[in-house]
Amino acid sequence: IALEHDFVLLTPDGRHFLLPNLSVLVKARFLTENVRITGEKKGSDSIWVENLEVKRDQEYKTVWNYEKQQRQLAAP
């Protein structure tokens, strides 16, 4: 994992999507988890992520949100 420069979202049907606005660290943290992505598809192989959820105990929990991230970065 340390040598990888990026990760993609792989769907059950074998398609893959780049997630350009998620940092590699966030992607690596949830590498082996079942995730649900909400966002806007850009082109044929990218998704601009608005919300990242991870399945825990049969429920999806939000672990990253674009708006919340932007607010944290803008805070003094």
Notebook entry, point to check: Can you tell me how far CZ of Arg15 sits from OG of Ser44, rounded to the nearest 0.5 angstrom?
Noted result: 8.5 Å

Checklist line | Side chain to side chain, Glu50 and Trp48, heavy atoms closer than 4.5 Å | finding: yes

Notebook entry, point to check: If two hydrophobic side chains count as joined below 4.5 Å and joins carry through other members, does Leu31 share a cluster with Val24?
Noted result: yes

Check: What is the distance from atom CG of Leu9 to atom CZ of Arg36, rounded to the nearest 0.5 Å?
Finding: 13.0 Å

Check: Under a single-linkage definition using a 4.5 Å side-chain heavy-atom cutoff for Ile, Leu, Val, Met, Phe, Trp and Tyr, are Phe7 and Leu22 assigned to the same hydrophobic cluster?
Finding: no

Next item on the list: Apply side chain to side chain contact (heavy atoms under 4.5 Å, CB included) to Val49 and Trp64, showing your working.
Entry: CA-CA 9 Å; Val49 179; Trp64 187 90; 3.8 Å; yes

Check: For Tyr60 and Asn34, which heavy atoms make the closest approach, and how far apart are they?
Finding: CE2-O, 4.0 Å

Margin query: Take a 6.0 Å sphere around CG of Asp57 and say whether it holds more than 12 heavy atoms from other residues, nucleotides or ligands.
Written below: no

Notebook entry, point to check: Got a sec, which residues hit side-chain contact (heavy atoms from CB on, under 4.5 Å) with Glu33, two or more places apart in sequence or on another chain?
Noted result: Phe30, Val35, Val54, Arg56

Item checked: side chain to side chain contact (heavy atoms under 4.5 Å, CB included) between Leu18 and Ile47, intermediate numbers included -> CA-CA 6 Å; Leu18 301 171; Ile47 299 174; over 6 Å; no

Notebook entry, point to check: Taking the side chain as C-beta and beyond, is there a heavy-atom pair between Ile37 and Asn51 under 4.5 Å?
Noted result: no

Margin query: Tell me whether Gln72 at atom CD has more than 12 heavy atoms from other residues, nucleotides or ligands lying less than 6.0 Å away.
Written below: yes

Notebook entry, point to check: So do Leu19 and Lys27 actually touch side chain to side chain, heavy atoms under 4.5 Å?
Noted result: yes

Margin query: Among residues at least two apart in sequence or on other chains, which ones pass salt bridge (Lys or Arg N to Asp or Glu O under 4.0 Å) with Lys61?
Written below: Glu59

Notebook entry, point to check: Would you call Leu52 and Thr62 a side-chain contact if the rule is heavy atoms closer than 4.5 Å?
Noted result: no

Item checked: Any side-chain heavy-atom pair of Val8 and Phe17 under 4.5 Å -> no

